[in-house]
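Right, one structure below, let's go through it.
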Amino acid sequence: MNITRLYISIIFFTAHLTCNTFTVLIIPAGTAHYAGRSVGDRFERGLTLQLAHAIQTACKQKQIPCTVLIHKSSDLQKNSAPEIAQVANRLNPDLVIALSLYLETDPKPHWYTYHYSFGDHFVQLPTTLQLVALDQAHLVHSTTTQRYANTLHTDLTQTNFFTAHTPAALPVAPLAGITAPALLCEIGIKKEDDWQTAVDPLVSFIMQACNHG
Amino acid sequence: MDKYDISYSKWVTLCGGTALIGALVFAIKSDYIIIRGRHSMYDTHTTHQATDKLLQLYYYRNGQWQRETSVLLWQDDAQQNNFALVQQWLFALYQEQLIQKKITLQSAIICPENRTLYLSFDRSFLHKEATLQENWLLIESLLKTLRLPGTSVSSVQLLVNHQPLQDPHLDCSRPWPLQGFLSI
């Protein structure tokens, strides 16, 4: 297991070093053990992976100067947060997007955006070189995270396809311990193929983040 | 000969006596024999007073907070009170069909040092199919119910079978502040 992880990390590192561009790490929902919520006849794990691949392809097609990496969790636990944090912190991406889909019952689909906080968003880490505890990792880029969350929210409000909820600061498990700016997007879909509706808003958001840093 | 006989009986008495004392000490030390006074810690009926108290149980439904008034037997022991309150809250959720299966609260223990209330359930009360928002509001409703005036609790650690609650969306590995995250 460790050798496989090391191998994957080397590939990611190589990709990261060769393309010295804006790096986006996408984390689809679910683990090897947990398939996620059911949407029709399918599960969240497969649908979010499809969505992640579609974003990666769209970014290439639109020639956005960024590298999109997808993390597939091999963790056998239901909560894969420590493994995700390890990979994300090793890669040091510029943006982390965790994806989550659920079966929508309302006529207009909802879009929830979360970023990690334990009620300590006002805490400022010292600027000197120091070791950062895992439970304070989200504070390293808290201002950038907040800015990205607001950008995405403004985008979604303008497109008006989704009911965009104001970004909330919560202890969300997939983003625990990640130092890079990280957002969790929970998107409502009415049927299995509706994940495609989320591709354009996310690609547009990546493009904006990429252009404005 | 007579002298020898007397000496022999003395030795037997001495050995028997010391063996008996040793056995008694061993039995007391090993808790085979428990000695307690007349007014011990077990006489609870004289020290604790219980009164009926009206309390609010909160839950989130149809886009707004709903509250239900419940009468609880209020005691001097904060742990017992919190235990009864959470049990009542779980029962209210079950009645309102906000949780599908009956959930039992195993223990409610307050750590006086960090003022954390440790609540251990027999299973998670968070839905697998629900949105993160719904599960978040479920935890917020528990925190809102526990926010009593004059409470000594400042944070709540959710446990399942005395282990941290594992949820794929919400991080319950650390205690949640009693004030929750709704205002942030």
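Every chain is numbered from 1 and lettered A, B, ... according to where its sequence line falls, protein lines coming before strand lines. Quick note: numbers below take in every heavy atom, side chains included, and nothing from hydrogens, waters or symmetry partners. Here the structure is a predicted model, which is why all the values come from computation and not from measurement.
- Heavy atoms closer than 4.5 Å to chain B are found nowhere in A:L103, neither backbone nor side chain.
- Heavy atoms from other residues, nucleotides or ligands lying under 6.0 Å from CZ of B:F91 number 12 at most.
- Proximity to chain A is limited to the side chain of B:W136, based on heavy atoms less than 4.5 angstrom apart.
- The two residues B:F181 and A:S117 make their nearest non-hydrogen contact at CE2-O, 4.2 Å.
- Rounded to the nearest 0.5 Å, atoms CG (B:L182) and CG (A:L170) are 8.5 Å apart.
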inquiry  = Evaluate A:Y112 against B:L132 for side chain to side chain contact (heavy atoms under 4.5 Å, CB included), listing each step before the verdict.
reply    = CA-CA 9 Å; A:Y112 299 96; B:L132 197 154; over 6 Å; no
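- Here the OH atom belonging to A:Y102 is positioned 8.0 Å from the CD atom belonging to B:E134, to the nearest 0.5 angstrom.
- Taking a 6.0 Å sphere around NZ of A:K108, one finds it holds more than 12 heavy atoms contributed by other residues, nucleotides or ligands.
- Only the backbone of B:P175 comes within contact range of chain A, with at least one heavy atom under 4.5 Å from a heavy atom of that chain.
- Note that the CD atom of B:Q133 and the NE2 atom of A:H110 stand 9.5 Å from one another [nearest 0.5 Å].
- B:H169 and A:S100 make their closest contact through NE2-OG, 3.9 Å (heavy atoms, listed as atom of the first residue, atom of the second, distance).
- B:P168 and A:A173 make their closest contact through O-CB, 3.8 Å (heavy atoms, listed as atom of the first residue, atom of the second, distance).
- Distance check: B:H127 NE2 to A:R37 CZ gives 12.5 Å after rounding to the nearest 0.5 Å.
- Within 6.0 Å of CZ in B:R61 there are more than 12 heavy atoms belonging to other residues, nucleotides or ligands.
- Scanning all heavy atoms of the two residues, the minimum distance from A:A176 to B:D171 falls at CB-OD2, 3.9 Å.
- For CD of B:Q95, the number of neighbouring non-hydrogen atoms (other residues, nucleotides, ligands) closer than 6.0 Å is greater than 12.
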